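Accompanying notes for the structure given below.
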Amino acid sequence: MKPDSEKKEKSNYSVEAHLIYGQSQDPKWDYSHHLLPPISASATFRLDSAQRGAEGFAEFAHASDDLTVKSKAPIYIYDRLGEPNKDMLEENLAYAEGGDIAVTFASGMAAISGVLGILTGSGSEIIAHQTLYGCTYSLLTNWYPRLKISSAFIDLTNPNELKRHITKKTRVVYMESPVNPTLRLIDLNAVADIVKEVNAKRTEEERIYTVVDSTFASPFGQRPISLGIDFVVHSLTKAIGGFGTDIGGVVIGPKWSYDRLMLYRKDFGGVLSPRSAWEVLVHGLPSLGLRMRQMQVTAQKVAEFLATRPEIECVQYPGLPQFGQAELAQRQMIDYDGNFAPGGMIYFVLKGDSPAGQLKRAERFINHVAQNSYCITLAVSLGNIRTLIEHPGSMTHSAIPPEEQLAKGLNPGGIRLAIGLEKPEDIIKDLSASLEATR
Ligand SMILES: *Cc1c(COP(=O)(O)O)cnc(C)c1O
């Protein structure tokens, strides 16, 4: 093998080439005769001497200056502290988001609790957008109050709301964009600017950090760090993993956070399995661009179809000309080549004469899809190669009390459609049949 210095400069190639090749050779593990990296399948690692073991423990979470390309192989000790598959995946995930570092976790929720875990402590306050993924909402409302971490839920689609809710105790501003499931957008650059302005007058200990759950867009569809956001989290289970085989999560952020995230993960224990890391490294990330590009062509056609249907009250898809935040969408949701990337998620509301009537109709429609569709499956999750449909009000967002859902923009008749890799005609065939049968 040629030494790294003699190899072609990777910055001459596109981001997507890097998502396929990653750090194609690596001092961490000699697999130069394999086309693909092997799967690490060892819970513990052989050490040559007690000194080497001691050195390994001393080095752990004391990152060198160069976090990505280490000059020498790290000393692996035990899978929960680190192993090569996760290291390779993390290098590539950090690159995909344009962040300094990435630390993977056992699930998206483990990643969210990991980043909030290192940024908050007893007495801290989190400001969050009012609509959040149900389990994140439950984490903030059911568990954090026990640790004396409180949360204020506000409408961050209007960033000007933020200033008057920030207090001395605020440590984190947390949001999803697009918002799950309504696909409303938050102006990430505007939020980051407001927080920067406040931080300019604060000490290091009082600093506020911005965290974005960018799962809906995937790194292909937007890069919040480039807009001034501090941390990005993803559920790897969704578009990045892509095939629905594994659960996983990741936090991408600034260099200083690497050691803290690694220590947190070691002690709370939510590590990604090397087999799951390998799936994302070998199948998920290399095909992300191809899948997302195809999904959004399909999503556009399906959203246009839904917008013509008399049974439907409204369709939310950032690629539709009537999308309420079209200017923001086109500024914020862009792929690696600078093209508009409206993504593969659609939210639509069925008509009904009352919220109860809408709910009934949504249930009848979803049940008809579940029992009759070939190309649409009733299942939670998204970014999968199969198109999935679900009813957020009673499923992913049921942790939010029904009486609060409406105020948070969650209509009882709302339906979330996560486009897969089928042809648009096939998805439309199934949707038409169920719309007609449940009129
Ligand atoms: C699925 C999801 C999560 C949680 O991820 P898991 O991998 O299921 O733990 C968090 N945020 C969003 C937006 C999600 O869709």
Side-chain angles (χ1 to χ4, degrees), residues 86 89 93 97 102-117 126 128-143 156 172 174-186 188 211-222 224 229 231-252 265 268-273 276-277 279-280 284 292 295 316 318 333 343-347 379-384 387-393 395-400 408-410 414-420:
K86 283 195 276 290
L89 174 62
L93 285 168
E97 271 298 343
V103 175
T104 55
F105 285 85
S107 67
M109 285 315 302
I112 292 166
S113 49
V115 69
L116 293 177
I126 297 169
H129 179 60
Q130 60 188 7
T131 316
L132 290 177
Y133 176 65
C135 300
T136 310
Y137 182 81
S138 174
L139 176 71
L140 265 48
T141 55
N142 290 323
W143 295 101
L156 284 171
V172 173
Y174 186 94
M175 69 222 104
E176 298 158 9
S177 185
V179 173
N180 179 3
T182 59
L183 292 166
R184 296 271 295 157
L185 305 184
I186 293 171
L188 302 178
V211 182
V212 170
D213 179 342
S214 195
T215 299
F216 264 37
S218 92
F220 176 84
Q222 75 187 12
I229 295 294
F231 288 92
V232 172
V233 292
H234 284 285
S235 167
L236 297 175
T237 320
K238 314 295 169 54
I240 298 178
F243 294 84
T245 56
D246 293 78
I247 293 256
V250 65
V251 178
I252 297 132
R265 185 177 75 175
F268 283 79
V271 288
L272 184 67
S273 134
S276 298
E279 284 290 342
V280 180
M292 289 301 290
M295 280 176 182
Q316 286 272 49
M333 302 185 76
M345 299 299 296
I346 301 171
Y347 181 69
V380 297
S381 200
L382 55 113
N384 196 286
T387 293
L388 306 179
I389 199 165
E390 68 118 0
H391 182 237
M395 297 168 68
T396 45
H397 292 67
S398 55
I400 304 171
K408 291 178 190 295
L410 284 170
I415 288 171
R416 189 181 86 177
L417 188 63
I419 296 297

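The basis for the numbers below is simple: all heavy atoms, side chains too, and nothing from hydrogens, waters or symmetry mates. Counting starts at 1 for both ligands and their atoms, in listed order. A quick note: this is a predicted structure, and the numbers were derived from the prediction, not measured.
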- Considering only protein heavy atoms, which is closest to atom 2 (C) of ligand 1, and at what distance to one decimal place? Lys238 NZ, 2.4 Å
- Has the side chain of Thr237 got a donor or acceptor atom that lies under 3.5 Å from a matching backbone atom of Gly248? yes
- Query: Any idea which part of Leu382 is under 4.0 Å from ligand 1, heavy-atom wise: side chain, backbone, both or neither?
  - Reply: side chain
- Item | Gly248 to ligand 1, any heavy atom closer than 4.0 Å | yes
- Message: As an exercise, identify every atom of ligand 1 less than 4.0 angstrom from a heavy atom of Asn180.
- Response: 13 (C), 15 (O)
- Query: Any nitrogen or oxygen of Met109, main chain or side chain, under 3.5 Å from a nitrogen or oxygen of ligand 1?
  - Reply: yes
- Can you name the nearest heavy-atom pair linking Val103 to Arg265, along with the distance? CG1-NH1, 3.7 Å
- Residue, atom name and distance, where the atom is the protein heavy atom closest to atom 13 (C) of ligand 1: Asp213 OD2, 3.3 Å
- Message: As a quick check of understanding, evaluate side chain to side chain donor-acceptor pair (under 3.5 Å) for Thr215 and Glu176, giving each step before the final call.
- Response: CA-CA 8 Å; Thr215 299; Glu176 298 158 9; over 6 Å; no
- Task: Mind running side-chain contact (heavy atoms from CB on, under 4.5 Å) on Leu236 and Leu93 for me, showing each step along the way?
- Result: CA-CA 10 Å; Leu236 297 175; Leu93 285 168; 4.0 Å; yes
- Nearest neighbour in protein (non-hydrogen) for atom 4 (C) of ligand 1: Tyr133 CE2, 3.4 Å
- Note on the structure: of all protein heavy atoms, closest to atom 6 (P) of ligand 1 is Gly108 N, 3.3 Å
- Polar proximity ligand 1 side, Ser235 side, N/O cut 3.5 Å exclusive: yes
- Query: How many angstroms lie between atom CH2 of Trp143 and atom CG of Leu116, to the nearest 0.5 angstrom?
  - Reply: 15.5 Å
